[in-house]
A.B. asks: 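My structure is below; once you've seen it, I'll send some questions.
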Amino acid sequence: MSNQNQAPLMQVNGLIKEFQAGEQVIRVLHGIDLSIYQGEMVAIIGQSGSGKSTLMNILGCLDKASAGDYQIFGKSVSRLDADELAKLRREHFGFIFQRYHLLGDIDAKDNVAVPAVYAGMDNQARSDRAKKLLTDLGLGDKTGNRPSQLSGGQQQRVSIARALMNGGDIILADEPTGALDSKSGADVMQILRDLNDAGHTIIMVTHDPSIAEQADRVIEIKDGLILKDYLTGQQKTAQAVPMSVLQRHQKSAFGSFIDRLAEAFKMSLLAMRAHKMRTLLTMLGIIIGIASVVSVVGLGKGSQAQILSNISSLGTNTITVTDGYPFGDPRRQYNDKNLTPQDAQAVADQPYIVSVSPQLSSNTNIRYRNIEEAASVSGVGQDYLAVSGETLAQGQGFDEQSILRRTQDIIIDHNAKTTFFADIPDPIGEVLLIGSVPGRVIGVLAPNTSGFARNADTPTIYMPYTTMMSRIKGTPYIESFIALINNNISSSAAETAISTLIESRHGTDDFRIRNSDSIRQTIEATTSTMTLLISSIAIISLIVGGIGVMNIMLVSVTERTNEIGVRMAVGARQSDIMQQFLIEAILVCILGGLLGIGLAYAIGELINRIGGDSFQVIYSPTSIIAAFLCSTLIGVVFGFLPARNAARLDPVDALSRD
Ligand code: ADP
Ligand code: MG
């Protein structure tokens, strides 16, 4: 040991390691004292179960001692936290395992490059270096091969390249030839000796004395204590100084973060691809949840829009005043009669009113030639069409003269036309008998599409309200009137004003008043409530879906514990591991969310096809963005626990699981 005059690279004093096995505590290392110097090639030898791997794992900062002190570069390791230990492993150690521990989903080059991803090495430099290392180790033509496409010896050379990726000043090899045939084993030993000549400190564990003899120094342990520590007399060439790789190709902190994110993303996609069916089933909950939220909101919006457009077709902004005290009022009597045409006129005179149509109605039999049918008869004002939003298909409406002269002109609706004039294309001028009163048809209404037609099938005819009052009902009263209010005045203000006006005329509030805006608001509120209700059910399904995702992520973490161990051994931070599994959970949820949105669109398209013009599902961008954010959130929330479990795994425990 030519360099014992310098400070030791690693120094171990009174190192004790105990394991908890059930209720028993097993002491595996009984107080090891050891110094290892820069540039040494040390073989730790001993029988199986003597504690070699345990010692090696502690030296490599994969495991912590139970007691005693371990210093590396003059610093005590016991005070370092998980991320500082990861940094040590990343920047100074290179591990070579008996069973290679390569990641099965990625090719040789990517396996070699993993430590550099966590170290933040520039992409090009990373790729070049991985290729060069593989080429140097005779695997130049195998860079694209997966581990399963390589022999044991080749896999071990890939793992040596990985150990060297970040520099690997200190190489820790646990039975590196243990799983290899003698020829491959000899190759690996030659590589290790060459690396030692190039300045790498090599610490190797073996149970084979002939392998141990190839090191400069052999430490034999037995039952957790050092039995012998001697030099073999191997000739060493001149010591080279190990190169620093990382500093030269370092990325910015942000660039490095993005790289690690990309790596996590790639690994997530690979994992999802490896378990397509499972991933799809996991997504199903999210797909159904998101699809139902989006379609329910779309349906709600669609029906709301339809109802609102129906209301608009009733006349934009109307106020209806009806005679009689409100329902439930003790003063209310069966036949309150107190609303007069003069009340309607007084309202019509107000500046904020466009027009008013008084109204009274009754049910009467109507006869035309030999057809007799029960019909609804309404007396209306000259502005009825404007106020009601109805349109004429044929003929004309009432005018001032019709009202003043109480003409016996009538307007019939579409039902009346089909009932009485099925064979007569132009019924204008025909005469109907309303009870015993004849009425001449002057106009035909267009079919009512609003869905608010009072009598869906009953024929309805309209006559001047004055005619109706005197000839049909014999009353000085009207039953109600509809006022069309100016668009630039608020309907509630108009409602209050009209209410005050009529109350002052009557001296009491013996009438009911209602504006179309309040109907609109009621409908909006009702559909919103429905949407909220169904959405909350959908949200429950999303939560159930999220639990499914969590469950599968826990399985995924368990399945890939070994991979996590490998990543930690090459220097992944806890946050890197966390990120990887979180991204996987989020990805599953986002993909599920997108499929769900797609499904909702497909359902909507179907409904729109069936519904034709009368009903359209309306997708709001907000609900889609919300669905997207929601699925991301589910990924984060339900992926967090499994991801944290993964990140908190102990490197040695993780590595030892297969
Ligand atoms: P070697 O590598 O020399 O074959 P190890 O260091 O792997 O031996 O193990 C030494 C002893 O410690 C063994 O008896 C083993 O059963 C025990 N041991 C190792 N790891 C654990 C653990 N995580 N829990 C309990 N016992 C362990
Ligand atoms: Mg071992």
Side-chain angles (χ1 to χ4, degrees), residues 320-327 329 331-349 355-369 371-385 387-388 390 396-413 415-416 419-420 429-443 445 453-455 458-483 501-502 505-514:
T320 307
V321 176
T322 314
D323 61 3
Y325 287 102
F327 297 98
D329 191 305
R331 294 166 296 177
R332 185 178 160 82
Q333 280 167 0
Y334 168 63
N335 232 352
D336 286 335
K337 285 285 171 250
N338 34 39
L339 213 55
T340 63
Q342 290 70 36
D343 290 329
Q345 190 53 50
V347 170
D349 291 341
S355 50
V356 167
S357 172
Q359 191 148 4
L360 68 167
S361 57
S362 75
N363 292 315
T364 315
N365 273 7
I366 291 183
R367 200 148 54 84
Y368 176 70
R369 295 184 185 164
I371 309 169
E372 183 162 351
E373 200 72 46
S376 157
V377 183
S378 281
V380 297
Q382 69 201 68
D383 291 322
Y384 176 71
L385 292 177
V387 167
S388 67
E390 301 228 46
Q396 59 187 56
F398 304 122
D399 57 18
E400 210 180 335
Q401 292 306 311
S402 321
I403 307 294
L404 285 176
R405 297 197 182 156
R406 305 175 186 182
T407 59
Q408 283 168 245
D409 292 336
I410 59 171
I411 295 173
I412 62 173
D413 78 343
N415 285 336
T419 308
F420 300 109
E430 298 292 329
V431 176
L432 289 174
L433 271 182
I434 303 133
S436 56
V437 181
R440 190 173 60 94
V441 178
I442 62 162
L445 292 181
R454 268 167 309 167
N455 306 302
T458 322
T460 304
I461 65 164
Y462 299 89
M463 61 171 63
Y465 72 96
T466 45
T467 315
M468 180 92 176
M469 283 161 71
S470 58
R471 304 235 172 203
I472 308 275
K473 298 199 93 172
T475 170
Y477 298 108
I478 56 171
E479 290 162 1
S480 64
F481 62 83
I482 306 173
L501 176 67
I502 300 180
R505 287 176 61 87
H506 289 196
T508 172
D509 58 342
D510 58 351
F511 56 90
R512 285 159 282 152
I513 189 158
R514 195 165 58 108

A.B. asks: Which salt bridge (charged side-chain N to carboxylate O under 4.0 Å, His left out) pairs, counting each pair once, include a residue from residues 463-474, with sequence neighbours left out?
C.D. replies: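 Residue pairs passing salt bridge (charged side-chain N to carboxylate O under 4.0 Å, His left out), neighbours aside: Lys473-Glu479.
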A.B. asks: Give the C-alpha distance, both sets of side-chain angles, the deciding distance and a yes or no for side-chain contact (heavy atoms from CB on, under 4.5 Å) between Val437 and Gln408.
C.D. replies: CA-CA 8 Å; Val437 181; Gln408 283 168 245; 3.4 Å; yes
A.B. asks: With sequence neighbours excluded, give me every salt bridge (charged side-chain N to carboxylate O under 4.0 Å, His left out) pair touching residues 374-384.
C.D. replies: none
A.B. asks: Please evaluate residues Tyr384 and Phe398 with respect to the criterion ring pair (Phe, Tyr, Trp, His ring centres under 6.0 Å), reporting the C-alpha separation (whole Å), side-chain torsions for both, the decisive distance (0.1 Å), and the verdict.
C.D. replies: CA-CA 8 Å; Tyr384 176 71; Phe398 304 122; 8.6 Å; no
A.B. asks: Specify the closest pair of heavy atoms between Pro341 and Pro476, including all atoms of both residues, with the distance to one decimal.
C.D. replies: CD-O, 3.6 Å
A.B. asks: Do Met468 and Leu360 have side chains that approach each other closer than 4.5 Å (heavy atoms only, starting at C-beta)?
C.D. replies: yes
A.B. asks: Any non-hydrogen side-chain atom of Ile461 less than 4.5 Å from a side-chain atom of Ile434?
C.D. replies: yes
A.B. asks: Please check if atom CZ in Arg512 has more than 12 non-hydrogen atoms from other residues, nucleotides or ligands closer than 6.0 Å.
C.D. replies: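 Enclosed.
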A.B. asks: If you round to the nearest 0.5 Å, how far is CD of Gln359 from OH of Tyr465?
C.D. replies: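 With rounding to 0.5 Å, OH (Tyr465) is 12.0 Å from CD (Gln359).
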A.B. asks: Kindly compute the distance separating CD1 (Ile410) from OG1 (Thr460), expressed to the nearest 0.5 Å.
C.D. replies: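 The distance works out to 11.5 Å.
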A.B. asks: Ser362: what forms a side chain to side chain donor-acceptor pair (under 3.5 Å) with it, not counting sequence neighbours?
C.D. replies: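 Ser362 satisfies side chain to side chain donor-acceptor pair (under 3.5 Å) with Thr364 once adjacent residues are dropped.
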A.B. asks: Taking side chain to side chain contact (heavy atoms under 4.5 Å, CB included) as the test, write out the residues that go with Thr407, two or more places apart.
C.D. replies: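 Scan of Thr407 (side chain to side chain contact (heavy atoms under 4.5 Å, CB included), adjacent residues dropped) gives Ser402, Arg405, Asp409, Pro464.
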A.B. asks: If we count only N and O atoms by modelled type, under 3.5 Å, do the side chains of Glu430 and Tyr368 hold a donor and an acceptor together?
C.D. replies: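 Judged by distance alone, the side chains do pair up.
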A.B. asks: Looking at residues at least two apart in the chain, or sitting in another chain, which of them share a side chain to side chain donor-acceptor pair (under 3.5 Å) with Thr340?
C.D. replies: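 In terms of side chain to side chain donor-acceptor pair (under 3.5 Å), with neighbours along the sequence ignored, Thr340 is linked to Gln342, Asp343.
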A.B. asks: With a 4.5 Å heavy-atom cut-off, do Ile472 and Met463 have their side chains touching?
C.D. replies: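 Yes. Closest side-chain heavy atoms under 4.5 Å.
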A.B. asks: Among residues at least two apart in sequence or on other chains, which ones pass ring-ring contact (aromatic ring centres under 6.0 Å, His included) with Phe511?
C.D. replies: none
A.B. asks: Looking at side-chain heavy atoms only, is the closest gap between Glu390 and Tyr462 below 4.5 Å?
C.D. replies: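 Counting from C-beta outward, Glu390 and Tyr462 do come under 4.5 Å.
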A.B. asks: Check for a donor-acceptor pair, side chain of Ser357 on one end and backbone N or O of Gly381 on the other, with a separation under 3.5 Å.
C.D. replies: yes
A.B. asks: Could you state the interatomic distance from CD1 (Ile411) to OG (Ser378), rounded to the nearest 0.5 Å?
C.D. replies: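 Reported value, rounded in 0.5 Å steps: 11.0 Å.
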A.B. asks: Looking only at side-chain N and O atoms, does Asp510 offer a donor or acceptor that is under 3.5 Å from a partner on Asn338?
C.D. replies: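 On atom types as modelled, these side chains qualify, holding a pair under 3.5 Å.
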